[in-house]
Amino acid sequence: MIAVSVKPLFIAIFTLSLFLAGILLSPSTLFSSSLVSPSYSSAGKLDIWSVRRVVEWRPCGWWLQGHLTALPAENNGYIRVDCYGGLNQMRRDFCDGVGIARLLNATLVLPKFEAAAYWNESSGFADVFDVDYFIQHINGFVKVVKELPPDIASKEPFQVDCSKRKGQFDYIESVLPSLLEHRYISITPAMSQRRDRYPKYAKAALCQACYSALHLTRSLEKKASELLEAIPKPFLSLHLRFEPDMVAYSQCEYSGLSSTSMEAIEAARGDRKPWTGELARIWRKRGKCPLTPSETALILQALSVPTNTNIYLAAGDGLMEIEGLTSVYTNVYVKSALLSGEDFTSMHGNTKAALDYYVSINSDSYMATYFGNMDKMVAAMRAYKGLYKTLFLSRRAFAELTFQGLKGKELMQALWTAHKGDFIMGRGSALPDCFCEFKL
């Protein structure tokens with residue numbers, strides 16, 4: 001009979017059990033293994049969307065309850081909102097204008113969308129948005145007219161430009177006197193306004209306009225729906241910003257770009273010279289420099305987004321260095337290839353932006369390399385629709401980690417950790433004006 005010592009056998013089994021438990025339960029092990037092998041995520045295992053969120057942003061109850069305060073029988077005059085820039089900037093300003101009109105007890109005139117050669121644009125509000133739908137769904141929140149009374153229509157509105165005003169700007173103190181005096185004014189909303197001071201009925205009007213009442217025209221929505229249908233499912237909508245003007249405006253310098261890209265950036269710089277030396281380092285660490293397509297591809301890999309993912313590129317014309325993304329993620333789709341050539345070439349900037357917006361709010365997931373007007377609108381609209389696979393790639397985290405000298409697995413792990421925290425807490429998912437935080 002052979003004697004077997006139980007103690008060493010027990011120790012060996014116990015040690016093996018701890019080792020296996022560590023592999024199965026350790027998040028860092030799972031995450032780091034997914035970073036170095038794209039096949040990990042393509043096998044259907046953990047990716048960034050599998051992380052459990054603890055916070056979600058949903059439309060606030062006070063807004064969804066409807067009309068909080070009845071509209072007064074008499075009003076103080078008429079307001080037209082003058083909107084400039086790209087579609088999403090104009091949409092933002094118009095939403096603000098709706099809230100301002102309710103705040104000042106004014107009747108809203110259909111807005112003026114300023115044509116801008118820079119945006120290759122000539123379409124107006126009615127070319128993009130369904131006017132009748134808007135009036136129907138904003139009814140009770142603010143009064144809207146298609147046409148002014150004859151005695152008002154015969155004169156130009158008194159212009160009140162609030163766009164450059166900063167600090168604790170108050171529309172009642174600064175704009176209401178002009179409205180009462182002239183009865184018909186046009187305004188350009190302030191970029192930094194204190195919406196937290198709005199009464200809830202004015203906030204509700206803004207929220208209703210932005211997320212319920214603004215609807216694309218039937219013809220434009222039909223075209224957007226056809227584009228959405230043409231994209232293989234499921235898919236990620238990626239808003240990638242790396243155009244010459246974007247890079248020039250950022251005042252950032254990049255190494256390793258093609259000569260064609262460098263020439264395009266220099267041509268767009270004008271008087272904006274790039275930061276140099278320590279200032280350039282500080283600027284980049286503050287997250288001011290746009291991510292290149294290759295940096296974007298690296299972060300997507302760090303988040304375990306499979307390289308065979310279908311990606312719709314929601315981007316403007318002139319995107320540079322796109323090979324940095326498409327050399328890694330090969331299933332990339334753009335509207336110019338999915339739409340007929342005639343359709344695409346006849347489109348103005350607002351139309352293209354509207355298509356990107358529609359596709360992005362209906363995509364399976366959405367990521368952006370910037371946090372601009374489109375991204376804020378898309379994220380909020382996705383939250384309104386209950387779509388929470390939304391994430392903004394962190395330029396600041398990428399800059400800080402690369403300045404620390406992190407590379408390879410360490411960099412990938414650190415990028416995962418930074419973005420996981422943002423996704424868990426729902427950072428950037430929606431703006432607080434119309435959405436409230438819900439703990440899960």
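- Applying the salt bridge (Lys or Arg N to Asp or Glu O under 4.0 Å) test to every pair with at least one member in residues 268-297, sequence neighbours left out, gives these pairs: E266-R269.
- Each salt bridge (Lys or Arg N to Asp or Glu O under 4.0 Å) pair with one or both residues in residues 353-381, not counting sequence neighbours, appears once here: K335-D356.
- For residues 264-331, the disulfide bond (SG atoms under 2.5 Å apart) pairs, not counting sequence neighbours, are C252-C289.
- Shown here is W275, whose CH2 atom has no more than 12 heavy atoms of other residues, nucleotides or ligands within 6.0 Å.
- Between the R241 side chain and the A368 main chain, no donor and acceptor come within less than 3.5 Å of each other.
- By the ring-ring contact (aromatic ring centres under 6.0 Å, His included) test, F129 is found to be paired with F125, residues two or more places apart in sequence or in another chain being considered.
- Note on residues 377-403: no pairs pass salt bridge (Lys or Arg N to Asp or Glu O under 4.0 Å), not counting sequence neighbours.
- For Y384, the ring-ring contact (aromatic ring centres under 6.0 Å, His included) partners are W63, not counting sequence neighbours.
- Counting only N and O atoms by type, the side chains of E321 and S258 include a donor and acceptor under 3.5 Å apart.
- Applying the side chain to side chain contact (heavy atoms under 4.5 Å, CB included) rule to S294 yields the partners T292; only residues at least two apart in sequence or on another chain are considered.
- Between the side chains of S163 and T188, no donor-acceptor pair of N or O atoms lies under 3.5 Å.
- Remark: F435 engages Y211 in a ring-ring contact (aromatic ring centres under 6.0 Å, His included) (not counting sequence neighbours).
- Looking at T309, its side chain does come within 3.5 Å of a backbone N or O of P306 through a donor-acceptor pair.
- Counting heavy atoms from C-beta outward, V55 and W57 have side chains that approach closer than 4.5 Å.
- Ring centroid separation for the pair Y133 and H137 comes in under the 6.0 Å cut-off.
- Not counting sequence neighbours, the partners of L406 by the side chain to side chain contact (heavy atoms under 4.5 Å, CB included) test are L401, Q404, E410, L411, A414.
- Checking S363, S360, S365 one by one against S237, the side-chain hydrogen bond (donor to acceptor under 3.5 Å, both in side chains) holds for a single residue, S360.
- For P157, the side chain to side chain contact (heavy atoms under 4.5 Å, CB included) test picks out R80, Y184, S186, with sequence neighbours left out.
- Taking the six-membered ring where the residue is Trp, F392 and F371 present perpendicular rings, their angle passing 60° and hence far from 30°.
- Closest non-hydrogen pair, L71 versus F141, comes out as CD2-O, 3.6 Å.
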Starting from the C-alpha separation in whole Å, work towards a yes-or-no answer on side-chain contact (heavy atoms from CB on, under 4.5 Å) for I100 and V175. CA-CA 10 Å; I100 295 164; V175 179; 5.5 Å; no
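- Pairs passing the disulfide bond (SG atoms under 2.5 Å apart) check and including a residue from residues 393-440, sequence neighbours excluded, read C60-C436, C207-C434.
- A 4.5 Å side-chain heavy-atom check between F398 and L298 finds at least one atom pair inside the cut-off.
- W49 places no side-chain N or O within donor-acceptor distance of the main-chain N or O of V305, the cut-off being under 3.5 Å.
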Side-chain atoms of residues 219-229: list all donor-acceptor pairs with protein atoms under 3.5 Å, sequence neighbours left out, distances to 0.1 Å.
from : atom 1 : to   : atom 2 : distance (Å)
K222 : NZ     : E226 : OE2    : 2.7

